Amino acid sequence: MARLLIFLTIISISLYSKERIYSIQLTASDNTQALKRVYENLPKKIKDKSIIYVTNSGKQTVRYLLSKSATPLKKVADNLKIDGLKGDFWVVNTDPTKAKEAFLKKYKLFSANGMTKEANDVAALLKSSFGSLKLPSLKESSKKPQLAKLDTTNGNAYIKERKIDAKPFKKPTDKGGDKIVESAAKKSETAPIESQKIELENIDELLKAYKSESELSKITKSESAGFLDIYTREELEKMQAHTLMDILKLMTIPFVTRNSNNVTSFTKPTFSFMPPYAIRLYINDHDVTSTSFGSAMVLWGDMPIDHIDHIEIYKSASSVEFGNEAGTVIIKLYTKLPEREEGGKVRASVDQRGSYYTSAYYAHTTKSGLSYIFSANGTGIKTKEYENRGYELKSDLNELSLYLNIQKDGLRVEGASYKKEKGNFLGRGRAYTPLDGEIENFHNYIHIEKKFQNNLKISYSYDHLDFEEKGIDKSGIFAGAAGFVEDYEFYIHDIIHSFTAEKLFKHYNGELLVGAFYKKKKMIADGKFDAFATDFENTLNLYSLYLEDRFSINPTTTLIASFKGDYYSYDKEISSRKEHILRVGAIKNIGDFQLKAFYTKTYYALPFLALYGPDKAPYIADHTLKFPEPTLTSLGIRYKNSRHTIDSRVSLITVKNKVVPKPDGTLFNKDKGWYHQYEIKYEFKIDENNLFKADAYMGENSADIVMSPKYGGHIQLFNTIDRFEIYNQIGYRSNYEAYGVDVKPTFDYSASLKYFVSKDFSVGIKGENIFGTGYKQSYPGLDYAMPIFDRKYWLNLEYLF
């Protein structure tokens with residue numbers, strides 16, 4: 001059924017538009033002069049068929065027109081038919097009217113300058129792209145040849161004399177300052193277009209720089225937000241990643257594990273538990289965190305990611321720059337943009353156990369400037385069967401998701417629907433002997449955002465989340481005041497309304513961000529626990545004001561200061577409270593080195609289920625609990641040159657009012673504790689097609705206990721050889737002893753191989769935890785450790801259209 005839904009959806013959307021004019025977007029910039037210099041320095045044979053094109057949103061781009069016969073989403077080497085040209089750039093849908101007018105003027109101007117060959121080439125391109133056109137003859141057009149340069153602006157082409165700036169040009173990104181691309185061109189100030197020479201080793205060098213600088217991750221990343229790990233689009237594709245979990249398992253601190261009831265959770269080295277509300281998950285600018293649990297991973301940890309362009313993970317962060325609720329680890333998923341994705345992809349995978357994964361997305365930009373991307377996914381995962389004391393442990397997963405993003409003129413409407421059913425693994429019983437059990441989640445959201453040209457942004461979002469957990473265990477399931485029960489059923493409904501407004505003020509030495517948001521968060525809960533029943537609800541009104549200033553003392557030194565004030569007002573029982581976040585930091589660049597230092601005083605907002613439950617079932621809530629208040633001091637040093645990157649980080653963390661569970665499930669505040677964490681990362685860019693990455697980490701705590709691996713690390717190798725894409729990954733976690741179980745060191749080896757039958761069709765194989773020696777977790781009351789991830793072998797098919 002899921003495959004049929006995806007197929008019909010793609011077919012119906014594909015019929016929407018028939019006329020498309022494709023071009024290759026070589027680069028983009030908000031700086032008109034910088035982009036003109038990029039255009040002027042293009043190799044002549046590329047420049048002659050290129051224009052400076054202004055999108056409907058005002059973005060300045062350089063675009064090379066494709067003939068109508070060219071198939072979209074192929075590599076530039078095939079589309080341009082230029083010997084020795086390598087690399088792939090974005091194929092985008094271009095307004096036919098604007099493109100035709102620009103190239104008609106280009107044809108006339110070449111003709112007027114007596115440039116017969118160039119004029120004939122453009123004429124052939126025009127006829128190929130736009131069909132039958134009546135073009136003025138070269139004889140009619142060449143009355144007054146003139147010595148001049150070609151310039152194109154706002155989709156119009158004209159010739160004029162102008163001086164050429166031979167200095168290095170800057171291509172600024174939206175965040176993080178200017179990226180400088182050196183131009184080796186040395187020209188006379190008024191030389192004719194025929195004599196312009198680019199003194200580069202080959203065409204690749206300039207165009208590879210454009211491709212690298214135009215990656216979406218270069219636009220969205222924010223160095224001032226904390227320590228940043230990025231998983232690029234190219235890496236995700238070589239990994240053949242299906243879900244977010246494929247990326248979460250690569251995280252260092254914190255690292256992923258799972259609870260006994262099969263819910264994704266995190267912990268830090270040596271700790272057995274990390275509060276889930278310390279981690280926040282965003283899809284673009286939308287926070288999908290649950291009101292009741294304070295975590296998004298209950299549902300979204302297994303989400304499909306074929307429609308995701310790249311993933312950014314910020315550590316030692318605060319929520320101020322992202323304009324939302326408090327968290328020290330921020331995971332941001334950025335979806336693919338329709339202007340970069342004209343067309344779509346269909347993907348299907350099966351494994352040795354009969355699991356299936358199907359996904360498809362389609363993106364399009366209409367002639368009116370409206371763009372959209374739609375994706376659909378259907379997944380059924382079958383896992384290895386385990387038993388405990390003769391009882392079957394079920395972890396199978398079924399999910400269905402839909403996503404839609406529509407944009408025009410700075411207005412974005414984004415929505416998603418995600419449903420997941422999952423076996424409850426060991427369950428919640430005292431002896432882990434489940435007779436039956438499952439967890440079912442359903443989340444719908446819509447996010448509406450408008451960006452204005454004066455850097456004002458306003459947004460509204462609506463979330464509706466349903467959670468249902470069922471379990472039957474004769475050994476007894478703890479349910480708070482209901483005691484130990486055999487039959488456990490609990491339902492939660494979250495409804496969230498969010499309003500946000502923020503404005504970015506640019507001053508001489510930096511930027512000032514000022515914003516505010518209001519959230520209305522409602523929880524409705526009911527449950528049955530044998531003969532005991534509960535039914536309750538509560539509402540939170542959250543008001544927030546925040547500001548952040550990024551001040552550049554000089555071109556190599558930036559200071560960051562931010563403040564956020566929050567006011568919590570509950571409808572019932574829980575007292576109103578005021579909280580705040582304070583953060584200061586500095587970034588210093590010294591040659592190939594970058595130094596970062598941050599001091600953050602923040603807090604974690606406790607979720608509803610920790611604070612409110614009048615019947616104290618199934619959780620023993622305590623409305624007098626104080627919010628935990630962590631203080632983070634973080635230092636980092638990065639060395640980066642053209643091929644090598646070494647990144648070392650140290651974070652010293654103290655937590656006041658830490659929330660700790662008692663054996664009976666009651667939560668209480670612990671006065672204070674500290675934690676230290678250390679990370680080092682290395683990246684070696686072998687060449688444009690091959691990349692090596694490695695990391696190592698460790699942690700220690702004030703109690704000097706080791707309840708989870710103290711040390712760990714990963715090695716990744718990405719390769720492209722001819723038509724093959726190859727990926728290898730090794731993960732390591734050290735031994736530890738917890739709950740009377742000695743867990744030996746574990747090694748997780750995964751690998752994938754993809755072969756491109758054609759530019760649009762590929763066949764791949766992928767192995768996960770190939771040797772069955774992957775990560776394990778111990779649980780209280782269980783006398784052996786259980787695997788966290790299954791061993792799987794996938795066959796994968798992908799088709800671009």
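Just so it is clear, the values below take in all heavy atoms, side chains as well, and ignore hydrogens, waters and symmetry mates. This is a predicted model, so every value here is computed, not measured.
Within the 4.5 Å cutoff, no side-chain heavy atoms of Arg723 are placed close to those of Val757. Contact of the Tyr403 side chain with the Ser375 side chain is registered, since non-hydrogen atoms from C-beta on lie closer than 4.5 Å. The shortest distance between side-chain heavy atoms of Tyr372 and Leu370 falls below 4.5 Å. A 4.5 Å side-chain heavy-atom check between Gln407 and Pro338 finds at least one atom pair inside the cut-off. Phe801 is not listed as a side-chain neighbour of Asp760, based on a closest heavy-atom distance of 4.5 Å or more. At a threshold of 4.5 Å between non-hydrogen side-chain atoms, the residues Glu414 and Asn284 count as touching. Using a 4.5 Å heavy-atom threshold, the side chains of Ser459 and His286 count as separate. With contacts defined as side-chain heavy-atom distances shorter than 4.5 Å, the pair Phe452/Lys503 does not qualify.
Across all non-hydrogen atoms, the minimal contact from Glu511 to His507 is N-NE2, 3.4 Å. Between Ile230 and Glu235 the shortest heavy-atom distance is O-OE1, 3.7 Å. Residue Arg643 comes nearest to Ile686 through the heavy atom pair NH2-O, 2.8 Å, listed as atom of the first residue, atom of the second, then distance. Minimum interatomic distance between Ile308 and Leu236 (heavy atoms only, all atoms of both residues): O-CD1, 4.3 Å. Between Thr720 and Lys238, the closest heavy-atom pair is OG1-NZ, 2.8 Å. Scanning all heavy atoms of the two residues, the minimum distance from Gln240 to Leu753 falls at NE2-O, 3.1 Å.
A donor atom on one side chain and an acceptor atom on the other are not found under 3.5 Å apart for Thr366 and Lys408. Under 3.5 Å, the side chains of Asp306 and Tyr357 contain a donor-acceptor pair of N or O atoms. Side-chain atoms of Ser552 and Asn509 form no donor-acceptor pair, as typed in the model, at a separation below 3.5 Å. In this structure, a donor-acceptor pair under 3.5 Å is present between the side chains of His364 and Glu342.
The pair Glu449-Arg412 meets the salt-bridge criterion, since a charged nitrogen lies less than 4.0 angstrom from a carboxylate oxygen. A salt bridge does not link Glu237 to Lys345: none of the charged side-chain nitrogens sits closer than 4.0 Å to a carboxylate oxygen. Salt-bridge annotation for Arg233 and Glu341: present, with a side-chain N of the basic residue lying under 4.0 Å from a carboxylate O of the acidic one.
Other residues, nucleotides and ligands contribute at most 12 non-hydrogen atoms within 6.0 Å of the CG atom of Asp722. Heavy-atom neighbours of Lys450 NZ from other residues, nucleotides or ligands within 6.0 Å: above the threshold of 12.
To the nearest 0.5 Å, atom CD1 of residue Ile51 and atom NZ of residue Lys106 are 7.5 Å apart. Here CG of Asp309 is found 9.0 Å from CD1 of Ile373. Values are rounded to the nearest 0.5 Å. Atom CD1 in Ile305 sits 6.0 Å away from atom CG in Asp246 (nearest 0.5 Å). Taken to the nearest 0.5 Å, the CG atom of Asn690 stands 9.5 Å off from the CZ atom of Phe684. In this structure, Ile313 CD1 and Leu333 CG are separated by 8.5 Å, a value rounded to the nearest 0.5 Å. In this structure, CZ in Phe761 is found 5.0 Å from CG in Leu797, a value given to the nearest 0.5 Å.
Applying the side chain to side chain contact (heavy atoms under 4.5 Å, CB included) rule to Glu502 yields the partners Lys457, Leu513, Tyr546; only residues at least two apart in sequence or on another chain are considered. When the side chain to side chain contact (heavy atoms under 4.5 Å, CB included) test is applied to Thr556, the partners found at least two apart in sequence or on another chain are Asn554, Lys588, Asn589. Applying the side chain to side chain contact (heavy atoms under 4.5 Å, CB included) criterion to Asn455, with sequence neighbours excluded, gives Leu504, Lys506.
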Would Lys332 and Phe322 satisfy side chain to side chain contact (heavy atoms under 4.5 Å, CB included), going step by step from the backbone distance to the final call? CA-CA 10 Å; Lys332 297 209 73 175; Phe322 304 109; 3.5 Å; yes
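Between His307 and Tyr361, the ring centre distance reaches or exceeds 6.0 Å.
The main-chain N or O of Thr645 is never found under 3.5 Å from a side-chain atom of Lys685 such that the two would form a donor-acceptor pair. In terms of modelled atom types and a separation under 3.5 Å, the side chain of Gln716 and the main chain of Lys693 share no donor-acceptor contact. Here the side chain of Asn377 pairs a donor or acceptor atom with the backbone of Thr358 at under 3.5 angstrom.
In this structure, Lys759 fails the cation-pi test against Phe756, since its NZ or CZ atom is not both closer than 6.0 Å to the six-membered ring centre and inside 45 degrees of the ring normal.
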